[in-house]
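Notes follow once the structure below has been shown.
Atoms considered below: every heavy atom in the structure, side chains included; atoms not considered: hydrogens, waters and symmetry mates. All chains are named by letter (A, B, ...) in the order of the sequence lines, taking the proteins before the strands, and each is independently numbered beginning at 1.
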Amino acid sequence: MDFNDNEKEAAFRAEVRKFLDKNAKKRTNTSSSSANAAAPETLRGKEAQVKALQDAKNWQAKKAEAGFAGILWPKEFGGFGGTPIEQVIYQQEELNYFVHSGYFEIGIGMLGPTMMVWGKDEDKIKYLPKMLNGEEIWCQLFSEPSAGSDLAGIKMKAEKDGDEWVLNGQKVWTSGAHFADYGMIVARSDPSALKHKGLTYFFLDMKTPGIEVKPIEQISGSSNFNEVFFNDVRIPDTQRLGNEGDGWKVSLTTLMNERLAVGDPAGLDFDEIFEITRDLEVEDGLAINNSEVRQKMADWYVQSRGLKYTKYRSITALSKGQTPGPELSISKLVTASKMQDVSSYALDLMDMGGYVLDEQNAILNNVFQNGLLFSTAMRIAGGTDEVLRNIIAERVLGLPQDTREDKIKPFNELPSGK
Amino acid sequence: MDFNDNEKEAAFRAEVRKFLDKNAKKRTNTSSSSANAAAPETLRGKEAQVKALQDAKNWQAKKAEAGFAGILWPKEFGGFGGTPIEQVIYQQEELNYFVHSGYFEIGIGMLGPTMMVWGKDEDKIKYLPKMLNGEEIWCQLFSEPSAGSDLAGIKMKAEKDGDEWVLNGQKVWTSGAHFADYGMIVARSDPSALKHKGLTYFFLDMKTPGIEVKPIEQISGSSNFNEVFFNDVRIPDTQRLGNEGDGWKVSLTTLMNERLAVGDPAGLDFDEIFEITRDLEVEDGLAINNSEVRQKMADWYVQSRGLKYTKYRSITALSKGQTPGPELSISKLVTASKMQDVSSYALDLMDMGGYVLDEQNAILNNVFQNGLLFSTAMRIAGGTDEVLRNIIAERVLGLPQDTREDKIKPFNELPSGK
Amino acid sequence: MNFDFSDDQKLLQEQARKFLTDKCSRKLVRSVLDNNKNQYSKELWQEVVNMGWTATAIPEEYGGLGLGMLELCVIAEELGRSLAPIPFSSSIYIFAEFLKAYGSEDQKKQYLPKIASGELIGSFAFPETKGTPRTNNINSKVENDKLSGKKLPVNDGQVADVLIVAANSDNNQNHNSLSLYIVETNQAGVEEKLLDTLDPTRPSSQIEFSNVACSVLGEKGEGWSMIQNILNRAAVLFAFEQVGGAQVALDEAKKYSIERYAFGKPIGSFQALKHKMADMYVKNELAKSNAYYGAWALSTDSMELPVAAAGARVSATEAFHYASKENIQIHGGVGFTWEYDCHLFYRRSKLLSLNLGSIRKWKENLISNLEKRNIT
Amino acid sequence: MNFDFSDDQKLLQEQARKFLTDKCSRKLVRSVLDNNKNQYSKELWQEVVNMGWTATAIPEEYGGLGLGMLELCVIAEELGRSLAPIPFSSSIYIFAEFLKAYGSEDQKKQYLPKIASGELIGSFAFPETKGTPRTNNINSKVENDKLSGKKLPVNDGQVADVLIVAANSDNNQNHNSLSLYIVETNQAGVEEKLLDTLDPTRPSSQIEFSNVACSVLGEKGEGWSMIQNILNRAAVLFAFEQVGGAQVALDEAKKYSIERYAFGKPIGSFQALKHKMADMYVKNELAKSNAYYGAWALSTDSMELPVAAAGARVSATEAFHYASKENIQIHGGVGFTWEYDCHLFYRRSKLLSLNLGSIRKWKENLISNLEKRNIT
């Protein structure tokens, strides 16, 4: 039981560090960076956003040149041909530098692999290199107003017209739609088929006429997501991935790759709240000397470190070439509620002044006030608490699925409500 | 907003007090009595049990003579012909005396009213007076190994044989079956009908050949419940209540009367744990001076008093002739888990010695150690936490029922497992 | 046993609910949310004044209606339900109660009629820093009858014409001699700055005082106990606002869960959400019952008030926090959008829970008062 | 990164699980439960000794196998899973560790070989009253080299041949001078009385000492810090027992919920139960991970041990408490019967959680050690 790389891993890590040291600026303080992570990107202002995107593209190009852009991608598509543990090592190391790869994660992590499995050779040659080097950004157009937790409940119409398909409907929660060049989309091509059988999968140019992108304003003030409206959007049948009616099957390729694409949940944690208990005064003196505060701190420490060591166990599994365990499914579930609870409690410690957001006066750059708002989204986006518990219950513990009438009736006969 | 009886109520209360003062011994300390309530009756030993039953019967006879045995029963059956608020007042007052009416609650509260609605006149005359005066005790034979939360899942076979019915199967969780003279029972007369349609309701003499009663040993060491086995138990068709196949409808009469028959959940609460925090030492001195202990105490105080005042609101509704609110459904739900949490926490305060049950050394007569065990039953018996939450969600909040396949398929085609 | 509001009070409730449904739409609430330079809804304030609500519990001799605190509880619940963006709590639950309890005859005559008529808005300036206000972190002071110091946050400070300010009194720099002063804000040396806060529908300010005129309220050096008493009284009224908000949060969660379908059925038929809403309901009912007990203690000036107020406050704070956060969760994706109203309740919940001091502090209050009661 | 047990250790785990499935049936556990005059299962103890488990982490020079603490962690998890009714923890996790850490060469030679061979059973006599053991409530004392005092509860006290006893030392009545003594129980003046406890499968006693012979362990006056250190070490091992128990409680809940039907479907398909089991799973995984970290710290004698041990202990205590109580709940009616096994886990959970001191105390330990770490 140790925390060291094996020989091959250590060599790879050294190689990565060498590349990063040469090409990027190292962070000095990791704790403040994690605190800032809760302040969403879009709060930074338009101009800064444009600059950040360009910086990221420049960085991605450098990574691609050095072969690190797609650790898991096969070499034939410009990838590193590496292993999951190498992917983890790369991510661990990159986190220590002032660079940002988030814009490309969905493309490289999920959509590229989908193209590799289901795309035509000429498309792979045409799209994958630019996806990898950041020249073209891709987004994933899956969720809809009526297809959130129930992802297969997609209503977006895809109607065939000669060699073309006409798309009508609305997607939602689309990350990066406002800067993406391409997207992959699932739509309903046969409403009279079973829910999971009437879908078809396409890719498309986001500049295709009839597509309108509208940012969604969140309560935290940021707009990480978009609504995307489709009005008679025509795309050629050559942009279909997989057969007509096989859209769900193709989607699963995309979704199965989600695990590795999604990074650590951002945000405030034990260390931040522990820090402020040493400054704030409660009714009987410094918060950290109050036994109730201490007991609460212990709870969060144990959760926080429990997740960290669970991750170590997963990395160990990866390092041995095994499938990682349950890390991802429990990590967001625990982290999101922890963030909400920690935030709320921190404001309670600040007492009457806890709701003030003023920058000069607030503590740790408003991390707890932002966290109170941001955590609500975190408990929902990317799988609600409830969906995650279902996944653990059914996929990890093997408990039986509930009766699912929506699996046995034609889609257009299902009640659908609001 | 006040806590006083109205004039009529005050007069009734005075009348009740007069009767009680004259005929029973008053308790001096209510707090210790509530603490003792968590120690189940059957822990007291066989002989004491027999005596307690005889005492209760004597007391019930006195009550019947004075007209107080069945406050809600119509006068024609020896009842008081009173109102629900009078029932509450009587119960409140009786609690202050060393008497015990628990043996008769199911009969008078639930089974008697069922007989009144569904019984033949000669049976009413024959059975109700002796039920009321405690001469004959009745029990309710509903639950079965496969029909707990799913009460209509009854499998007990009732097969017609001429003018008789033959019962075969098993009942369980039958309170008082070991001292009951009569019982009311629901059984399945048509397994090929829908679940709720194939049942028939009977009453029977518990001495009928073929009935075997076996106490269930609980983890708390008590045996409040029984298993009751039926082997070719023959009862005449005249003991049927309601039509063949109407058993569920008749059961609902019994169950609808449950609300008023069930008293306060017994047990330890805020006052008991608050008491020990003033004696026990934790790491930094007396528990009550520790801020974590204080915050926990506040939580339980608020729950405990919240329930009490909710009850006041229900009594107010009764007093105004309105239907009481949600009191019963939330009371047991909150109380049972509170008891479990309070017990567990109290033992934590006792630290390394908390698990010791020795009478000389343990605190408050082992109320917390007993509570830790007893609360597990309380969260289940009479409706599990989960069933109570369903009831609140569906009946109080009006949320939709889940799809229920077991309501649309014949009973004998339903999967039934263990 | 008549543990309920009277028929008249229930009629008042009905009227108030109808009135606010009409006059305090979500659009009106959002007009303050989206532009908190508006600071509060002047239309709604005027309507509320016209209804006589600001005058409710002020004695007739000072221009009020002379009704009881129970009527104020009824109104508070409705204001909480409707998220009313007006400085009602600061001016009525706190400022007016300070004056009623501790004002001299002259002070009462000077301020209460104008508070009752809505001409003046009052508020309370207490904390100066993040963390619990304590004897060692209140630095405002009065020297030669002039007040200096900096207070933040002052809820409704930007619209308050007159403030109660907690400060160290001039004859004694000892920190145990906190005193209260009445300060009019329309004078040189008072500087207000609107703050960004979590609930822009009920804005707060920083207020700096530099040698400004003030008049002492009540006994000098008795500030802490006066504050405690008025916070206890206000806590019951806040609890009713919180209970009101929590009930609407549950109602809206319920409504959405019945209308919204997933997997071919309404999401309200899934046990996870059902049980969540059942838990909301339980917390709300307990909070309501505890608030009723607080109302009884408040309206009868019972010795039980400190315990009853703390109980009401703790229970209501928990209920509203839970209901408002889980209402977002039940709404799923739309729940955390600006467009849907869920966040209005979530923001208000946190504002109300901190405004009179955190739940931790009230739990501590509850237990110390229980200890005191046990001793006597 | 290799945050896992080695292949050899996994093989040991597999063997241990198979062995205990075979030798430690529920029937065997119940033979002690139903008659706690049996005090422990002598057959199982002998089998365990024969397997060499008692010798695992005792150095070869003292008759042990000289394996590491990780091997002991592996065994602990399996003993926890099987609810083994034997005094393993008292004798091996605590008594032997005291001797290993603080025994003189003579003391080690005298006791460790017999502990390793199972000939002797050791235990630890520390608390004297309900409430947290503190400097002011340990009254046992040694005068003229003779120990007097009363200890309760002493887990496995009734079967212990030799005890570590915490007492005030003879040369100093100052309560800060707690010292440890080795006391053999087979002498006049030692009186044991079996206690009724919540977990009769692991009985405890009251032990009274009247002027009995004893030999000091380690430095006089250093009792508290020695106790703290050994409790930290034992906490990691207890955490593994707790993690093992919690996993079986979840497994049995799962199994029952799949086999048991209500409303025409397996109860394990109801979201309320699914989510409960998902929560159990999450707590169990976190506990397991924290226990692994504790194992690492224990096996490497890391400075991190106090923090790692407390983290492991807190997390495992919570997980087992939750899993064992909700396992009963998922079983419904049969869950609280004597006949079903759910209560065995519930009892054991509470015993293990109190035996080394309550979770409150370990949370406090965790934070004070974090503070210390931050200072250095």
message = One pair to check against side chain to side chain contact (heavy atoms under 4.5 Å, CB included): Asp299(A) and Glu318(D). What are the steps and the verdict?
response = CA-CA 10 Å; Asp299(A) 290 337; Glu318(D) 267 170 7; 3.5 Å; yes
request  = Check whether Asp385(A) gets within reach of chain D through its side chain, its backbone, both or neither, counting any heavy atom under 4.5 Å.
outcome  = neither
query = Any donor-acceptor pair under 3.5 Å linking the side chain of Glu285(D) with the backbone of Ile330(A)?
reply = no
query = For Leu273(D), is it the side chain, the backbone, both or neither that has a heavy atom under 4.5 Å from a heavy atom of chain A?
reply = neither
request  = Measure the shortest side-chain to side-chain distance between Ser257(D) and Leu399(A) over non-hydrogen atoms and say whether it is less than 4.5 angstrom.
outcome  = yes
ask   = Ser315(D) versus chain A, heavy atoms under 4.5 Å apart: side chain, backbone, both or neither?
value = both
key: Distance, nearest 0.5 Å, that separates CD of Gln295(A) from CD1 of Ile367(D)   = 8.5 Å
query = Under a 4.5 Å heavy-atom cut-off, does chain D meet the side chain of Lys308(A), its backbone, both or neither?
reply = neither
task = Could you label the plane-to-plane angle of the Tyr309(A) and Tyr293(D) rings as parallel, tilted or perpendicular, counting under 30° as parallel and over 60° as perpendicular?
result = parallel
request  = May I ask you to decide if Val302(A)'s main-chain N or O and Asn290(D)'s side chain share a donor-acceptor pair within less than 3.5 Å?
outcome  = yes
Which portion of Thr300(D) sits near chain A, non-hydrogen atoms under 4.5 angstrom = neither
ask   = Do you know which of Val314(D), Asp279(D), Ile258(D), Leu70(D) has the most heavy-atom pairs with chain A at a distance under 4.5 angstrom?
value = Asp279(D)
task = Decide yes or no for Ser289(D) and Arg305(A): does some side-chain heavy atom of the first lie under 4.5 Å from some side-chain heavy atom of the second?
result = no
query = Would a distance-only check, ignoring hydrogens and angles, find a side-chain to backbone donor-acceptor pair under 3.5 Å from Thr316(A) to Phe3(D)?
reply = yes
key: Option that, when pairs with chain D are counted at under 4.5 Å, heavy atom only, ranks first among Ser291(A), Ala298(A), Ser319(A), Pro400(A)   = Pro400(A)
note = Okay, Tyr301(A) and chain D: the region with an atom under 4.5 Å from a heavy atom over there is side chain
request  = Test Asp4(D) against Arg313(A) for salt bridge (charged side-chain N to carboxylate O under 4.0 Å, His left out), laying out the working first.
outcome  = CA-CA 7 Å; Asp4(D) 198 359; Arg313(A) 287 168 54 209; over 6 Å; no
ask   = Can a salt bridge be assigned to the pair Glu386(A) and Lys274(D) using a cut-off of 4.0 Å between side-chain N and carboxylate O?
value = no
ask   = Please walk me through it: do Leu286(D) and Leu307(A) pass side chain to side chain contact (heavy atoms under 4.5 Å, CB included)?
value = CA-CA 6 Å; Leu286(D) 295 182; Leu307(A) 285 178; 3.7 Å; yes
key: Options Lys265(D), Gln9(D), Met280(D), Lys276(D), ranked by heavy-atom pairs under 4.5 Å with chain A, top entry   = Lys265(D)
task = Walk me through it: do Asn6(A) and Met1(D) pass the test side chain to side chain contact (heavy atoms under 4.5 Å, CB included)?
result = CA-CA 7 Å; Asn6(A) 66 29; Met1(D) 177 76 65; over 6 Å; no
key: Verdict with supporting geometry, Tyr292(D) and Thr310(A), side chain to side chain contact (heavy atoms under 4.5 Å, CB included)   = CA-CA 9 Å; Tyr292(D) 272 38; Thr310(A) 302; over 6 Å; no
task = Sort Asp2(A) into side chain, backbone, both or neither according to what part of it lies under 4.5 angstrom from a heavy atom of chain D.
result = both
query = Which bit of Glu9(A) is near chain D, if near means a heavy-atom gap under 4.5 Å: side chain, backbone, both or neither?
reply = side chain
